[in-house]
Amino acid sequence: MGQPVIQTLTFWLSEHPSIVGFRWSHAHSWGSTWSFLFTAISLYLLLSLLLHLLLSLLRRPVPLGPLPAFHSLLMTLLSFTIFAGITLSSVAEIRDTRWFWRRSKTPFQWLLCFPLGTRPSGRVFFWSYIYYLSRFFHMIRTFFTILRRGKLVPFQLFNHSILTFMAFMWLEFSQSFQVLAILSTTLVYAVVYAYRFWIAIGLPRTCFAFVVNCQMLLLGCNVACHVGVLMMHFMKGGCNGIGAWGFNSVLNAVILLLFLNFYVKIHWGYGKAALAKVEEAEAKVEKAEEEQVRAKDKVI
């Protein structure tokens with residue numbers, strides 16, 4: 001019983017012809033042009049600003065009902081699917097291409113450092129493409145934040161925009177490091193969004209900043225992997241897409257510094273009062289939404 005299920009999942013997540021034959025192309029891959037990328041990010045920033053201005057005029061939060069819970073559930077399933085897909089695809093790619101690089105690299109080193117001349121095609125890049133598209137679904141959470149709190153968070157805008165830009169560059173330049181980055185990111189996202197779904201349906205929160213600590217763990221893993229890529233590049237004769245990797249490293253460093261500033265404020269006490277106010281405001285909005293639902297049920 002278990003074996004056919006595993007074989008079916010393996011086929012649909014790593015051996016399907018659409019996955020094996022995938023090729024990143026400006027002509028055939030939706031959202032694969034630079035013009036689309038910059039237009040989409042600009043539209044995201046513009047809509048966020050307009051929504052913030054509109055909410056500042058209304059001066060009250062907008063109840064969203066079950067939408068945040070549904071979005072969190074959707075992102076949990078999507079993140080876990082990408083994680084499972086790229087895991088199985090990486091195993092298959094290592095199996096099929098190891099003859100080419102086995103004398104110079106171990107499988108783990110291949111995950112860190114693609115051989116020079118690697119093209120953006122095949123199983124791994126299919127899931128990298130799906131991850132890139134999923135970044136646009138992550139942006140929706142910004143609109144939820146604005147509608148529920150009435151505030152625009154600059155770091156959230158910057159973070160979503162930069163991560164979408166980096167995901168595009170992974171594909172455009174067949175960049176090394178992306179496999180481990182997607183594995184760690186989607187695993188953390190699956191846990192974080194599952195927790196957000198947990199509290200969205202009214203279950204108790206943790207006694208510590210769960211989401212912030214998960215993000216800190218993810219950033220720590222990224223730093224370690226970046227160091228590994230740099231060592232591999234100089235010790236193993238070069239990694240593919242190292243120029244794009246260098247640019248992404250600068251962007252990652254900016255995100256890390258901004259997040260560390262926020263993290264230190266929370267854990268050293270400067271930001272605990274602000275964090276408590278945010279959680280209190282969210283709880284009030286959730287309570288108001290529940291009361292509206294109950295009132296509608298009584299009318300019906």
Side-chain angles (χ1 to χ4, degrees), residues 6 9 12-14 64 66-91 108 111-112 124 127-145 148-149 153 155-156 158-160 162-164 166-167 170 177-226 228 252 255-256 258-260 262-264 266-267 271-272 275-276 278-279 282-283 286:
I6 294 174
L9 289 174
W12 285 104
L13 293 176
S14 65
L64 298 175
L67 280 178
F70 177 75
H71 178 260
S72 295
L73 178 61
L74 176 65
M75 294 309 301
T76 299
L77 297 175
L78 179 59
S79 298
F80 184 76
T81 300
I82 296 173
F83 174 80
I86 199 166
T87 299
L88 293 172
S89 295
S90 298
V91 172
F108 179 75
L111 293 174
L112 276 175
V124 166
W127 287 109
S128 182
Y129 176 58
I130 299 300
Y131 174 80
Y132 161 64
L133 296 180
S134 75
R135 293 303 322 170
F136 296 104
F137 287 98
H138 284 281
M139 291 179 176
I140 296 174
R141 185 163 179 84
T142 301
F143 303 136
F144 291 162
T145 301
R148 299 181 73 170
R149 301 180 190 173
V153 183
F155 174 75
Q156 192 175 38
F158 178 79
N159 188 51
H160 283 306
I162 292 303
L163 290 178
T164 304
M166 288 193 295
W170 289 348
F177 162 72
Q178 63 179 283
V179 176
L180 288 179
I182 295 173
L183 283 170
S184 58
T185 302
T186 51
L187 180 60
V188 170
Y189 281 166
V191 174
V192 166
Y193 277 104
Y195 171 72
R196 285 172 174 165
F197 175 73
W198 172 276
I199 61 176
I201 60 176
L203 295 172
R205 299 171 181 266
T206 60
C207 58
F208 59 95
F210 180 82
V211 174
V212 173
N213 281 280
C214 285
Q215 291 173 334
M216 192 64 201
L217 177 63
L218 176 60
L219 288 172
C221 291
N222 283 342
V223 170
C225 289
H226 275 289
N252 271 318
I255 292 176
L256 178 61
L258 291 172
F259 187 81
L260 280 175
F262 173 71
Y263 187 82
V264 169
I266 288 179
H267 286 269
K272 287 184 178 179
L275 188 63
V278 170
E279 292 181 348
E282 287 183 347
E286 291 170 2

- Message: Tell me if a side-chain donor or acceptor on Trp127 pairs with a main-chain N or O of Leu13 at a distance below 3.5 Å.
- Response: yes
- Flag the pair Val179 / Leu183 as yes when at least one side-chain heavy-atom distance between them is below 4.5 Å, and no otherwise. yes
- Message: Check for me whether Arg196 meets the cation-pi criterion with Tyr193, that is, NZ or CZ under 6.0 Å from the six-membered ring centre and within 45 degrees of the ring axis.
- Response: yes
- Query: What orientation do Trp170 and Phe177 show, parallel under 30°, tilted 30 to 60°, or perpendicular over 60°?
  - Reply: perpendicular
- Item | Contact summary for Ala190 and Ser79, nearest pair of heavy atoms | N-CB, 3.8 Å
- Less than 4.5 Å apart, any side-chain heavy atom of Ser184 and any of Leu218? yes
- Query: Can you check whether Tyr131 reaches Thr185 side chain to side chain, under 4.5 Å on heavy atoms?
  - Reply: yes
- Message: Quick check for you: to the nearest 0.5 Å, what is the distance between Leu256 atom CG and Gln215 atom CD?
- Response: 12.0 Å
- Task: Write down the atom of Ile199, the atom of Pro204, and the distance for their closest heavy-atom approach.
- Result: CG2-O, 4.1 Å
- Message: Classify the ring geometry of Tyr195 against Phe210: parallel below 30°, tilted from 30° to 60°, perpendicular beyond 60°.
- Response: tilted
- Query: For the side chain to side chain contact (heavy atoms under 4.5 Å, CB included) test, which of Leu163, Val153, Leu258 pairs with Phe158?
  - Reply: Leu258
- Is the count of non-hydrogen atoms from other residues, nucleotides or ligands lying under 6.0 Å from Phe136 atom CZ greater than 12? yes
- Can you tell me if CZ on Phe155 sees more than 12 non-hydrogen neighbours from other groups inside 6.0 Å? yes
- Query: Which atom names give the shortest non-hydrogen contact between Val124 and Ile86, and what distance separates them?
  - Reply: O-CD1, 4.3 Å
